[in-house]
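Just so it is clear, the model here is predicted, and its values are computed rather than measured.
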Amino acid sequence: MQPPPDDAWEPWSPDELFARLGVSDTDWYVVGGWALDLWHGEPTRAHEDLEFSVLACQAQRYRGVLSDLEFFTAKDGKLDHIPLVEPLPTDVWQHWGADVGAGRWRVDMMVDRGSSDMWVYKRDPSFTLPRAKAIRATAGGIRYLAPHIVLLFKARHAREKDHRDFRNALPRLEFNEKFALCRWLEVLHPGHTWIQELQSS
């Protein structure tokens, strides 16, 4: 099965994803730029995709819940179709969900390698947090990754939108969140431009 073009994104909103996955399934959570906007309580910019994360042991179940989508592994610049009857490969973190009939991508499903109690940073498993501290929820029940952790992911590429997201978030971050992000950046990305801004804020 051929995937849609890489740029053929017409993503669902977090509310649309929430309507499909249901309030009873509370072990999935929004990540990326949308997570920051859920934290802000309003959109701060347009989003080209919708990223959400699920525990590895739950990924196949969520594919079943979203069976109207066809999922493709996204790794090393390649998109490979994975039929629902096949298990997901254990060495792939990212799976794009396509509405094949419409020729559009709807979601980007990330695989969380942590446990039900502990969140683990996929780029360095020595960085962990209790899941209860890493994941938050809106008043309506949509779960999302804590803002300082989202920014840790964004720090690696530090694209223009990432810098904008960081500066929008900086005035609202709590002291302990700034401290943790600064410490993580000093270990993983020494010399990063955000370190000085965190220290002086």
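- Ring geometry for H163 versus H192: interplanar angle of 30 to 60°, hence tilted.
- Atom OH in Y62 sits 8.0 Å away from atom CG in L55 (nearest 0.5 Å).
- Residues L129 and V54 are members of one and the same hydrophobic cluster, defined by side-chain heavy-atom contacts under 4.5 angstrom among Ile, Leu, Val, Met, Phe, Trp and Tyr.
- For H95 and F71, the gap between ring centers reaches or exceeds 6.0 Å.
- Closest approach of V150 and G32 over heavy atoms only: CG1-O, 3.5 Å.
- Between the OG atom in S201 and the CZ atom in R167 there is a gap of 12.0 Å [rounded to 0.5 Å].
- Contact annotation: the side chain of L198 approaches that of L185 to within less than 4.5 Å [non-hydrogen atoms, C-beta and beyond].
- Side-chain contact between I82 and L88: present, with at least one pair of heavy atoms (C-beta onward) separated by less than 4.5 Å.
- Within the 4.5 Å cutoff, the side chain of L145 has heavy atoms near those of the W119 side chain.
- A salt bridge links R136 and E177; the closest N-O separation between the charged side-chain nitrogens and carboxylate oxygens is under 4.0 Å.
- Side-chain contact of H148 with N176: a donor-acceptor pair under 3.5 Å is absent, judged by distance alone.
- Heavy-atom minimum distance, P5 versus W105: O-NE1, 2.8 Å.
- Taking all atoms of both residues into account, the shortest heavy-atom contact from L79 to P3 is CB-CG, 4.2 Å.
- Nearest heavy atom pair, residue P4 against residue G103, reads CB-O, 3.6 Å.
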task = Please assess W12 against L69 for the test side-chain contact (heavy atoms from CB on, under 4.5 Å), listing each intermediate value before the final yes or no.
result = CA-CA 12 Å; W12 293 333; L69 301 181; 3.6 Å; yes
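- Applying the ring pair (Phe, Tyr, Trp, His ring centres under 6.0 Å) test to F153 and every residue at least two apart in sequence or in another chain returns Y121.
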side-chain contact (heavy atoms from CB on, under 4.5 Å) for M109 and L66? Distances and angles first, verdict last. CA-CA 11 Å; M109 184 176 74; L66 300 176; 5.7 Å; no
Query raised in the report: Are V92 and D80 close enough, and set up right, to give a side-chain contact (heavy atoms from CB on, under 4.5 Å), and what steps lead you there?
Result: CA-CA 11 Å; V92 179; D80 293 311; over 6 Å; no
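- One N or O on the side chain of R131 and one on the backbone of M118 form a donor-acceptor pair closer than 3.5 Å.
- Remark: the backbone N or O of K154 is not paired with any side-chain donor or acceptor of R159 at under 3.5 angstrom.
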Under the side-chain contact (heavy atoms from CB on, under 4.5 Å) rule, what do R123 and L188 come out as? Steps first, then yes or no, please. CA-CA 9 Å; R123 293 173 182 159; L188 295 173; over 6 Å; no
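- Counting heavy atoms from C-beta outward, P14 and L50 have side chains that approach closer than 4.5 Å.
- I195 CD1 to C182 SG: the interatomic distance, rounded to the nearest 0.5 Å, is 5.5 Å.
- No donor-acceptor pair under 3.5 Å is formed between the side chain of E70 and the backbone N or O of L84.
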(request) Given side-chain hydrogen bond (donor to acceptor under 3.5 Å, both in side chains), test D124 with S126 step by step and report yes or no. (result) CA-CA 5 Å; D124 187 331; S126 69; 2.6 Å; yes
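- Using a 4.0 Å cut-off between charged side-chain N and carboxylate O, R45 and D165 make a salt bridge.
- Taking 4.0 Å as the cut-off between side-chain N and carboxylate O, D27 and R61 count as a salt-bridged pair.
- V31 is not listed as a side-chain neighbour of F52, based on a closest heavy-atom distance of 4.5 Å or more.
- Linking Ile, Leu, Val, Met, Phe, Trp and Tyr whenever their side-chain heavy atoms come within less than 4.5 Å leaves I149 and F179 in two separate clusters.
- Remark: F127 CZ to W184 CH2 distance equals 8.0 Å, nearest 0.5 Å.
- Among residues two or more places apart in sequence or in another chain, the side-chain contact (heavy atoms from CB on, under 4.5 Å) test is passed with Q94 by A74, W96, D108, M110.
- Hydrophobic clustering, with ILVMFWY side chains joined whenever heavy atoms are under 4.5 angstrom apart, keeps V107 apart from M1.
- Of all non-hydrogen atoms in W34 and D49, the two that sit nearest each other are CD1-O, 3.5 Å.
- In this structure, Q196 places its CD atom where only 12 or fewer heavy-atom neighbours from other residues, nucleotides or ligands lie under 6.0 Å away.
- Inter-residue side-chain proximity for E186 and Q199 is flagged as met; some heavy-atom pair is nearer than 4.5 Å.
- Salt-bridge check for D6 with K78: failed, with every basic side-chain N at 4.0 Å or more from each acidic carboxylate O.
- Note that CG of D162 and CG of L151 are 8.5 Å apart. Values are rounded to the nearest 0.5 Å.
- Judged purely by atom type and a 3.5 angstrom limit, W28 has no side-chain atom pairing as donor or acceptor with the backbone of A59.
- Between R106 and E16 no salt bridge is recorded (no basic side-chain N to carboxylate O distance below 4.0 Å).
- Cation-pi geometry between R104 and W9 is not met: the NZ or CZ atom fails to fall both under 6.0 Å from the ring centre and inside 45° of the normal.
- The pair D91-K75 counts as a salt bridge, with a side-chain nitrogen and a carboxylate oxygen less than 4.0 angstrom apart.
- With hydrogens and angles ignored, the 3.5 Å screen pairs no side-chain donor or acceptor of E10 with any backbone N or O of D99.
- Atom-to-atom distance recorded for N168:CG and L36:CG is 9.0 Å, nearest 0.5 angstrom.
- S115 and D117 share no side-chain donor-acceptor pair at under 3.5 Å.
- For Y144 and D37, the side-chain atoms include no donor-acceptor pair closer than 3.5 Å.
- Residues L152 and W194 are not in side-chain contact: their nearest non-hydrogen atoms beyond the backbone lie 4.5 Å or more apart.
- Contact record, D112 with S53: CB-OG, 3.4 Å, taken as the closest heavy-atom pair.
- Contact annotation: the side chain of K122 approaches that of W93 to within less than 4.5 Å [non-hydrogen atoms, C-beta and beyond].
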